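Heavy atoms only: backbone and side chains are in, while hydrogens, waters and symmetry mates are out. None of these values were measured; they are calculated from a predicted model.
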Amino acid sequence: MGWFFCISLVFSTIYFISLLIYWVGLYRPAKPQSSIKPKVSVVVAARNEIKRLPKLLECLKAQDYPSDLYEVIIVDNDSNDGTYETLQRYSKDFSSLKVLTTKGRKSDYKNKKAALNMGIESAQGKIILTTDADCLMGSRWVSTVVGYFSDEVGEVVGFSGVMYDKSMFERLQALDFLQLMAAAQGTLNLGIAWACSGQNLAFRKSLFKKVGGYKELVDRIGGDDSLFMQVIKRRTKTKIVFASDPKAWVENEPVNKFLTFVKQRIRWASEANYMHKLNVPFFTVVLSTFITNLVPIIYLLLLFLGVSVLKPLLFFLGIKLLGEGILFFKATDVYNRVDLRGTFILWFILQIPYVVFMGIFSFWGNRMKWGNK
């Protein structure tokens with residue numbers, strides 16, 4: 001078993017170092033760059049979101065950004081619940097709102113990217129902000145995010161947190177996404193563009209055109225956030241930063257059904273395993289994360305079969321616990337989620353089979369449907 005221990009040690013070390021990198025990066029937040037106010041377009045793709053959109057629209061309507069420099073474009077992505085009709089009615093009282101639909105329109109893209117591409121192509125803004133129908137934000141969201149742009153900055157990533165109450169399922173979702181955001185901000189603060197979320201993302205429309213939009217990702221069900229960021233990083237010299245100001249944060253609703261949650265995360269994981277084509281170092285970390293969580297499962301099986309492997313099992317669990325714990329406690333401070341600390345041990349235990357399961361089924365994630373349909 002010496003060879004297995006050595007391989008496990010290599011990948012666990014890579015994973016541990018990546019966690020330390022995220023942790024160090026959280027101590028170096030970027031600061032706003034400019035007070036210039038360019039024309040801005042907020043683009044949202046929505047499928048069967050008739051219940052969620054009113055709250056989002058109220059948030060977008062309340063933005064403090066100059067109304068003559070601000071528009072909201074919501075693209076109905078083939079909904080069948082009356083989303084498009086509801087949006088049209090709402091636009092009568094919201095002059096900055098433009099409503100589009102993909103129904104009856106041909107596109108090179110499928111699902112969400114078809115709607116986003118339509119919205120971005122029709123946008124008048126120099127800066128595109130994207131978010132989702134289940135997200136909420138404060139009145140200074142647009143102005144704060146835009147403030148992070150400068151001549152060198154072409155893309156800005158913002159924090160997105162999962163709303164939660166006392167429900168353990170919601171708290172586990174919030175904690176899990178918190179770690180993902182910590183990794184995204186930690187690397188971006190160090191000038192390493194690895195990951196982001198389309199729930200809170202901004203980029204120059206000129207960059208979108210320069211890289212050919214989503215054409216390189218036409219076959220992916222998603223890819224409008226982290227994969228698209230990799231395309232921008234590879235094809236341009238623009239700087240990508242993380243908006244650390246809490247006024248730039250958004251929150252999204254938790255998933256309330258376990259099966260829906262599983263499908264969503266498998267879909268997300270399918271984008272991560274595509275990284276080998278766009279960012280080999282990041283894919284190596286993704287692979288190391290999977291193996292680091294697989295190792296304890298293998299050792300537990302061997303222990304169950306009577307093989308004496310308790311020491312290496314505890315050793316690798318210790319490495320994982322130390323690295324994740326360091327990042328977690330810093331992240332809960334940075335994002336004001338200290339009350340989630342009591343959930344950490346349960347999350348740590350459940351994360352092991354969770355990551356392995358998602359990693360295995362990620363190969364089927366690109367076949368899953370997007371949206372509430």
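Looking only at distances, a side-chain donor or acceptor of Q33 sits under 3.5 Å from a matching main-chain atom of K31. Of the possible polar contacts, none joining the E253 side chain to the M163 backbone as a donor-acceptor pair under 3.5 Å is found. A distance-only check finds no donor-acceptor pair linking the side chain of T236 to the backbone of K233 [under 3.5 Å]. Q124 places no side-chain N or O within donor-acceptor distance of the main-chain N or O of S41, the cut-off being under 3.5 Å. Side-chain atoms of N189 come within 3.5 Å of backbone N or O of G25 as a donor-acceptor pair. Looking at T332, its side chain never comes within 3.5 Å of a backbone N or O of V338 through a donor-acceptor pair. Between the E170 side chain and the V162 main chain, no donor and acceptor come within less than 3.5 Å of each other. Formation of a donor-acceptor pair under 3.5 Å by the S107 side chain with backbone atoms of A114 is not found in this model. Counting only distance, with no hydrogens or angles, the side chain of K113 and the backbone of L217 share a donor-acceptor pair below 3.5 Å. Although no hydrogens or angles enter the test, the distance criterion places no donor-acceptor pair under 3.5 Å between the side chain of E155 and the main chain of I240.
Taking a cutoff of 4.0 Å between a charged side-chain nitrogen and a carboxylate oxygen, D78 and K110 do not qualify as a salt bridge. Salt bridge K112/D224: present, at least one basic N to carboxylate O contact under 4.0 Å. Classification of E216 and R234 as a salt-bridged pair holds, one side-chain N sitting under 4.0 Å from a carboxylate O. Here R140 does not pair with D245 in a salt bridge; the nearest charged N to carboxylate O distance is not below 4.0 Å.
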**Study point:** From CA spacing to verdict: ring-ring contact (aromatic ring centres under 6.0 Å, His included), F348, F328
**Key:** CA-CA 10 Å; F348 174 80; F328 168 74; over 10 Å; no

Exercise for review: Would you sort out whether K61 and E58 count as a salt bridge (Lys or Arg N to Asp or Glu O under 4.0 Å), showing the intermediate values?
Suggested key: CA-CA 5 Å; K61 194 175 182 180; E58 289 301 324; 5.3 Å; no

Exercise for review: Starting from the C-alpha separation in whole Å, work towards a yes-or-no answer on salt bridge (Lys or Arg N to Asp or Glu O under 4.0 Å) for E71 and K39.
Suggested key: CA-CA 8 Å; E71 67 175 353; K39 179 79 174 183; 5.1 Å; no

**Study point:** Test log, rule side-chain contact (heavy atoms from CB on, under 4.5 Å), inputs W141 and K247
**Key:** CA-CA 6 Å; W141 173 60; K247 293 188 291 295; over 6 Å; no

Practice item. Would you sort out whether E49 and K55 count as a salt bridge (Lys or Arg N to Asp or Glu O under 4.0 Å), showing the intermediate values? Key: CA-CA 11 Å; E49 296 287 6; K55 291 182 180 179; over 6 Å; no

Practice item. Kindly indicate, with the supporting measurements, whether the criterion side-chain contact (heavy atoms from CB on, under 4.5 Å) is fulfilled by T131 and N200. Key: CA-CA 5 Å; T131 190; N200 195 354; 5.7 Å; no

Exercise for review: Take V211 and F228 through the test side-chain contact (heavy atoms from CB on, under 4.5 Å) and record every step on the way to the result.
Suggested key: CA-CA 9 Å; V211 302; F228 178 61; 3.8 Å; yes

Check your understanding: Going through the distances and angles, do F344 and L321 end up as a side-chain contact (heavy atoms from CB on, under 4.5 Å)?
Key -> CA-CA 10 Å; F344 176 69; L321 180 63; 3.7 Å; yes

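Between the side chains of S143 and D64, at least one donor-acceptor pair of N or O atoms lies under 3.5 Å. With no hydrogens or angles considered, a side-chain donor-acceptor pair links D176 and Y354 at under 3.5 Å. For S362 and N273, the side-chain atoms include at least one donor-acceptor pair closer than 3.5 Å. A donor-acceptor pair shorter than 3.5 Å cannot be found between the side chains of S79 and R47. Between E251 and Y164, the side chains place no donor N or O within less than 3.5 Å of an acceptor N or O (distance only, hydrogens not considered). With hydrogens and angles left out, the side-chain atoms of S167 and D165 include no donor and acceptor closer than 3.5 Å. Looking at T83 and D76, their side chains never bring a donor and an acceptor atom within 3.5 Å of each other.
Screening residues 312-332 for salt bridge (charged side-chain N to carboxylate O under 4.0 Å, His left out), with sequence neighbours left out, gives K320-E324.
We find the CG-NZ distance between N117 and K215 to be 9.0 Å, quoted to the nearest 0.5 Å. Rounding to the nearest 0.5 angstrom, the gap separating the CG atom in L97 from the CD atom in Q88 is 10.0 Å. Rounded to the nearest 0.5 angstrom, S160 OG and D132 CG are separated by 7.5 Å. Here the OG-CG distance, from S197 to N252, works out to 7.0 Å after rounding to the nearest 0.5 Å. Note: D134 CG to K51 NZ = 14.0 Å, rounded to the nearest 0.5 Å.
The two residues I21 and L190 come nearest to each other via the heavy atoms O-CD1, 3.5 Å. The two atoms that bring L26 and A182 nearest to each other are CD2-O, 3.8 Å, heavy atoms only. The minimum heavy-atom distance between T238 and E152, with the atom names listed, is OG1-O, 3.4 Å. Annotation for I352 and N293: closest pair CG2-O, 3.1 Å, computed over non-hydrogen atoms. Considering every non-hydrogen atom in both A133 and V44, the closest pair reads N-CG1, 3.9 Å. Shortest non-hydrogen contact noted between Q185 and S244 is NE2-CB, 3.5 Å.
Hydrophobic cluster membership differs between V241 and V231, with clusters built from Ile, Leu, Val, Met, Phe, Trp and Tyr side chains linked at under 4.5 angstrom.
Taking the six-membered ring for Trp and the full ring otherwise, the centers of Y274 and F283 sit at least 6.0 Å from each other. For W249 and Y335, the ring centers are positioned less than 6.0 Å apart. The aromatic ring centroids of W268 and F177 lie less than 6.0 Å from each other. In this structure, F290 has its ring center at least 6.0 angstrom away from the ring center of F11. In summary, the aromatic rings of F242 and F159 are positioned with their centroids too far apart to meet the 6.0 Å limit.
In R341, the CZ atom is crowded: over 12 heavy atoms of neighbouring residues, nucleotides or ligands sit closer than 6.0 Å. The environment of CG in L305 is crowded: more than 12 heavy-atom neighbours from other residues, nucleotides or ligands sit within 6.0 Å.
F316 pairs with exactly one of F5, F16, Y15 by the ring-ring contact (aromatic ring centres under 6.0 Å, His included) rule, that one being F5. Just one residue in the list I128, V157, V145, V156 forms a side chain to side chain contact (heavy atoms under 4.5 Å, CB included) with L201, and that residue is V157.
Residues V42 and I73 form no side-chain contact, since every pair of their non-hydrogen atoms from C-beta on lies 4.5 Å or further apart. Considering only heavy atoms from C-beta on, K98 stays 4.5 Å or farther from V72 through its side chain.
Ring geometry, Y214 versus Y109: the interplanar angle exceeds 60°, so the pair is classed perpendicular (tilted spans 30 to 60°).
The ring pair (Phe, Tyr, Trp, His ring centres under 6.0 Å) test applied to F94 returns no partner, not counting sequence neighbours.
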